[in-house]
Number of protein chains: 2
Amino acid sequence: MSDHPAQFTIGRLAKAADVNIDTVRFYERQGLLQPAPRTAGGYRLYGTADAQRLQFIRRAKTLGFSLEDIAELLRLTEDGHDRGKIKAIAQKRVADLESRIRELEKMRSVLAHHAGHCSGHGEVSGCPIIQALLDEPAA
Amino acid sequence: MSDHPAQFTIGRLAKAADVNIDTVRFYERQGLLQPAPRTAGGYRLYGTADAQRLQFIRRAKTLGFSLEDIAELLRLTEDGHDRGKIKAIAQKRVADLESRIRELEKMRSVLAHHAGHCSGHGEVSGCPIIQALLDEPAA
DNA sequence: TTAAAGCCTGGAGTCTACTCCAGGGTCAAT
DNA sequence: ATTGACCCTGGAGTAGACTCCAGGCTTTAA
């Protein structure tokens, strides 16, 4: 039986998840992690479930969820909720991502178009990029 | 000859450009707008060139430029610079947009994949979205 | 003349997600 | 017992781009 510690302090937890130690305390204050039990001296003690929860948070963040979204996901995983809400949150996030992507693509194409018409030398006045910013109707 | 006012106060300028009046003052503090001349009583006075400059800022923002970028673009349009730097800034911005778009698309595809495997009903435990967040290797 | 609308300043507050700090206790090893 | 690594708290600071406020002038129109 491997005998890795069932309990560890905040520093180890932070290191294992590769987050700043202050971030762990911050997540606790934000309600993303439960308040940990303490040693007699006041040190927080964590277990493997906490490490898993912290990984959950990290992964959700890489998918672009805000901490508020993540807090809701975590809440939904606890009580006896069903998958409907989870799926709804995920789909809303997908939709948000798609609309943001469309926005950025529009910016990109407009700007690339202007840049493509700029020779890159000569005086500024008349530069197509600047002209576009001066003259085009406001978006 | 149309006789629209050559000079106007901050409120009119803000309204014309559809920005908050405090935003105009903020841009002045940030150096994006020149300090306006004042009336005897201390009111800022603006002309059409200022309105154009404010539009420039708004349009650049819709293309995703930061205020810092915009400040630089404005500086470059003033002195006798050439188009090289302008084009370089625009191209860097295009590259930034592209990398951001790729990031978001990756998030979108991963999340859409998980959501596509979630039935949307039944208990949370076993939901593919949650499972993915719990089990997948950290990104 | 007087009231309303508009403007002034300096500074604080908002949002997100941390990150850092000082001053001081705790824990493990020597 | 002492050292050094580790942890505690409360609070402040960061970035970006505003936005709002109080208290108090100025301008304009009736």
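Since this is a predicted model, take the numbers as computed values, not measurements.
Interatomic distance, B:Leu133 CG to A:Leu63 CG, rounded to the nearest 0.5 Å: 6.0 Å.
B:Arg44 places no side-chain N or O within 3.5 Å of a backbone atom of B:Ala36 that could act as its donor or acceptor partner. A side-chain donor-acceptor contact under 3.5 Å links B:Arg58 to the backbone of B:Ala17. The backbone N or O of B:Glu123 lies less than 3.5 Å from a partner atom in the side chain of A:Arg83, making a donor-acceptor pair. B:Arg59 contributes no side-chain N or O that, together with a main-chain N or O of A:Ala132, makes up a donor-acceptor pair within less than 3.5 Å.
A 4.5 Å side-chain heavy-atom check between A:Gln7 and A:Tyr46 finds every atom pair outside the cut-off.
In this structure, B:Phe8 places its CZ atom 18 Å from C1' of D:dT27, rounding to the nearest Å. For the pair A:Arg12 CZ and D:dC7 C1', the computed distance is 12 Å after rounding to whole Å. Between the CD atom of B:Glu28 and the P atom of D:dC18 there is a distance of 15 Å, rounded to whole Å. The interatomic distance linking B:Gln7 (CD) with C:dC7 (C1') rounds to 16 Å, in whole Å. Atom pair B:Ile10:CD1 and D:dC18:P shows a separation of 14 Å (rounding to whole Å applied). For B:Ile21 and D:dT19, the CD1 to C1' distance is 12 Å, given to the nearest whole Å. Here C:dC8 presents its C1' atom at 13 Å from CG of B:Leu45, a figure rounded to the nearest Å. Rounded to a whole Å, the CG atom of A:Asp18 is 15 Å from the C1' atom of C:dC18.
Side-chain N/O atoms of B:Lys61 include none lying less than 4.0 angstrom from OP1 or OP2 on D:dA17. Side-chain N/O atoms of B:Thr9 include one lying less than 4.0 angstrom from OP1 or OP2 on C:dC7. Between C:dC18 and A:Arg58, no contact under 4.0 Å exists linking OP1 or OP2 to a side-chain N or O. Remark: B:Thr39 is in phosphate contact with D:dT27, judged by side-chain N or O atoms under 4.0 Å from OP1 or OP2. Taking only side-chain nitrogens and oxygens, B:Thr23 comes nearer than 4.0 Å to OP1 or OP2 of D:dT19. Residue B:Arg38 places at least one side-chain N or O closer than 4.0 Å to OP1 or OP2 of C:dT9. Taking only side-chain nitrogens and oxygens, B:Tyr27 never comes nearer than 4.0 Å to OP1 or OP2 of D:dA17.
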Provide a list of protein-nucleic acid N or O atom pairs under 3.5 angstrom, restricted to nucleotides 2-5 of chain D.
none

Mind listing the N/O atom pairs, protein and nucleotides 20-22 of chain D, below 3.5 Å?
residue : atom : partner : partner atom : Å
D:dC20  : OP2  : B:Asn20 : ND2          : 3.3

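For the segment residues 95-108 of chain A, no residue has any heavy atom less than 4.0 angstrom from an atom of DNA chain D.
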Practice problem: Kindly determine whether B:Phe65 and B:Ile57 satisfy side-chain contact (heavy atoms from CB on, under 4.5 Å), including the steps that lead there. | Solution: CA-CA 9 Å; B:Phe65 285 103; B:Ile57 296 169; over 6 Å; no

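Comparing D:dT9, C:dG6, C:dC18 by their nearest atom to the side chain of A:Arg44 picks out D:dT9. In the set C:dA17, C:dC7, D:dC18, C:dA17 carries the atom at the smallest distance from any side-chain atom of A:Ser66.
Under 4.0 Å is where a charged nitrogen must lie from a carboxylate oxygen, and between B:Asp96 and B:Lys92 at least one such pair does. Here B:Arg53 does not pair with B:Asp50 in a salt bridge; the nearest charged N to carboxylate O distance is not below 4.0 Å. The existence of a salt bridge linking A:Glu103 and A:Arg100 is confirmed by a sub-4.0 Å separation between a basic side-chain nitrogen and an acidic carboxylate oxygen.
The nearest heavy atom of DNA chain D to B:Ala40 and to B:Ile57 marks one nucleotide each, and the one closer to the 5' end goes with B:Ile57. Comparing A:Leu67 and B:Gly41 by the nucleotide of DNA chain C whose heavy atom lies nearest to each, the residue mapping closer to the 5' end is B:Gly41. Taking for each of B:Phe65 and A:Gly11 the nucleotide of DNA chain D with the nearest heavy atom, the 5'-most of the two is the partner of A:Gly11.
None of B:Leu67, B:Leu32, B:Leu33, B:Val19 except one satisfies the side chain to side chain contact (heavy atoms under 4.5 Å, CB included) rule with B:Phe26; the exception is B:Leu67. Among the candidates B:Ile86, B:Thr77, B:Leu76, the single residue satisfying the side chain to side chain contact (heavy atoms under 4.5 Å, CB included) test with A:Cys127 is B:Ile86.
If you check every strand for non-hydrogen atoms under 4.0 Å, A:Lys15 touches nothing.
Atom CD of A:Glu68 sits in a sparse spot, with 12 or fewer heavy atoms from other residues, nucleotides or ligands closer than 6.0 Å.
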